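Note sheet for the following structure.
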Amino acid sequence: MFFDPESARHLLHTVQGSAPMSPLTERDMAILRLVADGQANKDITATLGISVGLVKKHIGEILEQLQATDRTQADIKAFSAGLI
């Protein structure tokens, strides 16, 4: 497939200016932002109205997706990648 030069420039500009792709779901991102704000699991449950078990499940998925060993490392990796 070929693009005319103007379309190619527009596509390249759009891709370069877009936000970084995140391997995380919207809920994971919401939890990660709260973790980055220093909230404990019980505070996150109150903020989002979900159970502690669900918060722990999401944090486990966040750690796995970001290949982090703990919450702090996940925050650092997410920040470095421009996710938060």
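Just so it is clear, the values below take in all heavy atoms, side chains as well, and ignore hydrogens, waters and symmetry mates. Just so we're clear, the structure is a prediction, and the values are computed from it rather than from any experiment.
- Across all their heavy atoms, Leu66 and Ala74 have their closest contact at CD1-O, 3.5 Å.
- Within 6.0 Å of CD on Gln73 lie more than 12 heavy atoms contributed by other residues, nucleotides or ligands.
- Counting heavy atoms from C-beta outward, Glu61 and His58 have side chains that approach closer than 4.5 Å.
- Counting all heavy atoms, side chain and backbone alike, Asp75 lies closest to Leu32 at OD1-CD1, 3.1 Å.
- When all heavy atoms of Ile59 and Ile31 are compared, the closest pair comes out as CG1-CG2, 3.9 Å.
- Contact of the Thr47 side chain with the Leu34 side chain is registered, since non-hydrogen atoms from C-beta on lie closer than 4.5 Å.
- Note: the hydrophobic cluster containing Val52 does not contain Leu63 (ILVMFWY, side chain heavy atoms under 4.5 Å, direct or indirect links).
- Side-chain atoms of Asp37 never come within 3.5 Å of backbone atoms of Gln39 as a donor-acceptor pair (strictly under, hydrogens ignored).
- Side-chain contact check for Ser80 versus Ile76: some heavy-atom pair is nearer than 4.5 Å.
- In this model, a donor atom of one side chain and an acceptor atom of the other lie less than 3.5 Å apart for Thr25 and Asp28.
- Between the CD atom in Gln67 and the NZ atom in Lys77 there is a gap of 5.5 Å [rounded to 0.5 Å].
- When all heavy atoms are compared, the tightest approach of Thr45 to Lys42 is OG1-O, 2.6 Å.
- The shortest side-chain heavy-atom distance between Val35 and Ile44 falls under the 4.5 Å cut-off.
- You'll find the side chain of Arg71 reaches within 4.5 Å of the side chain of Asn41, heavy atoms only.
- At least one side-chain heavy atom of Arg27 sits less than 4.5 Å from a side-chain heavy atom of Leu48.
- Here the closest heavy-atom approach between residue Leu83 and residue Met29 is recorded as O-CE, 3.1 Å.
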